[in-house]
Amino acid sequence: MVLRIYNTLTGKKEEFKPVEEGKVKMYVCGMTVYSDAHIGHARTYLAFDIVRRYLEYKGYKVTYVQNITDVDDKIIKSANERNMDPLEYSRYYTERCLSDMDALGIRRADIYPKASEHIEDMIKMIEKIIENGYAYVSGGDVYFSVEKFKDYGKLSKQKIEEMKAGARVEPGEKKRNPLDFALWKSAKPGEPKWQSPWGEGRPGWHIECSVMSTKYLGVPFDIHGGGQDLIFPHHENEIAQTEAAYGDGFANYWMHVGLLKVKGEKMSKSLGNIIPIRDAIKMYDPEIIRFFFASMHYRSPPNFTEEALDNARKSLEKIYRVYDLLRYYKKRNIGDEDEEVKEFIKDLEKGFEEAMDDDFNTPMAMKVIFEFIDKINNKLKEKPLGPETSRAAQEALRKVCNVLTLLQDVKEPDINPDEIKSLLEKYGLEVEAKSAEEGVDILLKRREDARKEKDWGTADSIRDDLKKIGIEVEDTKSGAVWYIKRRF
RNA sequence: GGGCGGGUAACAAAGGGGCUAUGUGGUGGACUGCAGAUCCACUUACGUGGGUUCGAAUCCCACCCCGCCCUCCA
């Protein structure tokens, strides 16, 4: 099956053809590290984590590069306010931001190049752009001459003439044209600076991505992504610079993620509604947050609300229940193998791939997953499933959920053996249980006996006691089954 | 003002000329000793007005709203 990706450059879904067969090279604009990572960052990087996982699912060898902007006005300002060295300051936040992403369960990119470590490469590229006639030196600064680049505006679908109206020249800038942007800025006191052919200074923002993407991925590479807010001017400028240096063809597919809203509003400093990842994961389990993002199409702007996250939790519990019940049947050999479930699994995989092949349609993929769960539940309503069938169904469910960053590293949930032991004692069961699991089975057997004798008091008490320690008991046609309820 | 993307049931959210989206909630039913869970059914879907068509939520035109970008942003 063919993967189709919506390309911002053409405004269409296009068949994906990698530059190099079997390999995908992707670059996503990373964070400016001057404060903690927030859930807006999480939304974007989770979306690309899913993109990367699905490409791997399809068998591609993916190289994923995400830059770290550690030379920047905001960093310098924040660092100076705290009397810190800007580079030291950004190193601190780099670590913090990356570990926040780890905590959220977003996989790390393969390479995290830092702007500060690629100044030489940037100088070389700027020289090349000047050589090719697209940039000029002006009093220690270097500017890109937008008018020289005829394709300027092709990504954001804007015309140069119309952009001019709104553009302004800041006082102190030495631009020839208001739309021109800085490739190199001369040093001001108190700023980090590097030696260049144009004097001491530091690079402009856009040049780092042109340099680091092409350095690690070559020209052209496959996917270039970021938040929708980066389309203009950042990505537009990247295209201008890179094509000015290397000619046509930079990145083949441009993907942009819809920006997160909080309670219906744009998340911004001025509104004071920025939610750092650190705070978010105190309120919600990381997997709930991941489910929330995965259940939305990547190009849509999700609305982060309590209700939406609550909803995500309930839906996720539904998935886990089936997953854990299948685990129960897998280990017990009390049911029959079932041919029809094999069909369900095929439908799941087929439906999932069709959904994801259509521009990573994760909500559609969710639908397919819930249909599978429905079918399994219907099956389980009729009869227990055999170990092999259960294993296959569980594995299939895990595999597709993994692509959506769900059910990753699912640990077999633990039960406290001491708690089980004291329950066994409570109900006068002298048997030595080999394991906590066996202990629960013995307790349920005791409950079955009580039910046969219509001793509802004991039966319900056992069920309640088990629930207190997180074990859900479900009565089915063929007896009681149990699973450990995941806590989110 | 220019550009881009939207308006889908109680809420969230896909789809996109004829075919149940799905999830959550609500109502009713099934199952159960009971509860939960689960299953089934229902819960006045497609912003407004025109047009094209045998047929429009889907295509076209106009209009009304909403969001984002045009300054730093993931």
Side-chain angles (χ1 to χ4, degrees), chain A residues 8 11 28-32 34-35 37-48 66 69 72-74 77 153 155-159 161-168 170 179 205 225-234 236 256-261 264-269 274 291-292 295-297 299-303 305 307-319 321-322 325 351 355 358 361-371 373-382 450-452 454-457 459-460 463-464 467 472-477 481 483 485:
Chain A
T8 307
V28 174
C29 286
M31 285 174 280
T32 301
Y34 71 106
S35 62
H38 55 68
I39 50 173
H41 293 118
R43 192 279 190 280
T44 295
Y45 302 124
L46 186 89
F48 284 108
Q66 193 181 307
T69 299
D72 167 272
D73 289 346
K74 291 187 293 295
K77 189 166 172 274
L155 184 72
S156 55
K157 317 268 188 281
Q158 299 179 95
K159 293 188 180 72
E161 308 83 65
E162 276 152 10
M163 284 189 271
K164 277 182 190 165
R168 271 193 312 230
E170 295 295 323
L179 290 177
W205 173 37
Q228 264 165 4
D229 52 338
L230 296 183
I231 295 173
F232 189 88
H234 185 54
E236 196 70 71
H256 292 97
V257 177
L259 298 188
L260 182 81
K261 291 184 290 185
E265 288 179 311
K266 177 185 168 168
M267 193 169 69
S268 73
K269 271 232 171 82
I274 288 179
F291 183 97
F292 168 67
S295 64
M296 221 90 51
H297 187 88
R299 281 190 279 125
S300 303
N303 192 7
T305 64
E307 198 189 7
L309 273 290
D310 237 38
N311 200 323
R313 179 177 47 74
K314 287 173 194 156
S315 305
L316 189 59
E317 276 173 357
K318 191 171 169 141
I319 297 176
R321 175 184 160 275
V322 166
L325 278 179
D358 183 17
N361 193 334
T362 53
M364 186 61 88
M366 289 284 190
K367 173 208 150 154
V368 174
I369 290 169
F370 281 108
E371 277 173 351
I373 286 173
D374 229 44
K375 286 188 257 186
I376 296 293
N377 276 330
N378 265 309
K379 215 29 129 178
L380 254 24
K381 193 173 67 173
E382 298 306 321
R451 291 181 77 203
K452 273 180 198 140
K454 296 199 192 300
D455 175 5
W456 309 126
D460 290 352
R463 187 175 61 194
D464 291 347
K467 198 184 176 94
E472 285 285 323
V473 177
E474 287 191 24
D475 292 319
T476 73
K477 279 181 181 171
V481 297
Y483 65 94
K485 186 150 185 186

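Below, read A as the first sequence line, B as the second, and so on, with proteins coming before strands; counting in each chain starts at 1.
- A/Val28 comes within 4.0 angstrom of no nucleic acid atom, judged by non-hydrogen atoms across all strands.
- Between A/Arg321 and A/Glu474, some side-chain heavy-atom pair lies under the 4.5 Å cut-off.
- Counting non-hydrogen atoms under 4.0 angstrom, A/His234 reaches nothing in the nucleic acid.
- Nucleic acid contact class of A/Gly30 (heavy atoms, under 4.0 Å, all strands): sugar-phosphate only.
- Under 3.5 Å, the side chains of A/Ser156 and A/Gln158 contain a donor-acceptor pair of N or O atoms.
- When the C1' atom is used for both B/A10 and B/U27, the distance is 12 Å, rounded to whole Å.
- In this structure, A/Leu259 reaches the bases: a heavy-atom distance under 4.0 Å links it to at least one base atom across the strands shown.
- Pair check for B/C68 finds B/G3; Watson-Crick or G-U wobble, both atom distances under 3.5 Å.
- A pairwise comparison of heavy atoms in A/His256 and A/Thr8 identifies ND1-OG1, 2.7 Å as the closest pair.
- Taking OG of A/Ser35 as the reference point, atom NE2 of A/His41 lies at 7.0 Å (rounded to 0.5 Å).
- In the set B/A74, B/G3, B/C70, B/C70 carries the atom at the smallest distance from any side-chain atom of A/Pro233.
- Side-chain atoms of A/Lys477 and A/Glu382, non-hydrogen and from C-beta on, do get closer than 4.5 Å to each other.
- Applying the Watson-Crick and G-U wobble criteria (two distances, each under 3.5 Å), B/C11 pairs with B/G23.
- In this structure, of B/A74, B/U38, B/G36, it is B/G36 that holds the atom nearest to the side chain of A/Glu472.
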Provide a list of protein-nucleic acid N or O atom pairs under 3.5 angstrom, restricted to nucleotides 19-25 of chain B.
unit_1, atom_1, unit_2, atom_2, d
B/A21, O2', A/Lys367, NZ, 2.6
B/G23, O2', A/Ser315, OG, 2.3
B/G23, N2, A/Asn311, ND2, 3.1
B/U24, O4', A/Asn311, OD1, 2.9

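- As the counterpart of B/C59, B/G51 is assigned, both hydrogen-bonding distances of the Watson-Crick or G-U wobble pattern falling under 3.5 Å.
- At the heavy-atom level, A/Leu380 lies nowhere under 4.0 Å from the strands shown.
- Contact check for A/Asp475 versus A/Arg451: side-chain heavy atoms found under the 4.5 Å cut-off.
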With 3.5 Å as the limit, what N/O pairs link the protein to nucleotides 30-34 of chain B?
unit_1, atom_1, unit_2, atom_2, d
B/G33, N7, A/Arg451, NH2, 3.3
B/G33, O6, A/Arg451, NE, 3.3
B/G33, N1, A/Asp460, OD1, 2.8
B/G33, N2, A/Asp460, OD2, 2.7
B/C34, O2, A/Arg463, NH2, 2.9
B/C34, N3, A/Arg463, NH1, 2.8
B/C34, N3, A/Arg463, NH2, 3.0
B/C34, N4, A/Arg463, NH1, 2.9
B/C34, N4, A/Asp475, OD2, 3.1

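- Residue contacts shown for A/Ser300 are limited to sugar-phosphate atoms, with no base heavy atom under 4.0 Å away.
- As judged by a 4.0 angstrom heavy-atom cut-off over every strand, A/Gly226 is placed among residues touching the sugar-phosphate backbone only.
- Within 4.0 Å of A/Glu307, counting heavy atoms only, lie sugar-phosphate atoms of the nucleic acid but no base atom.
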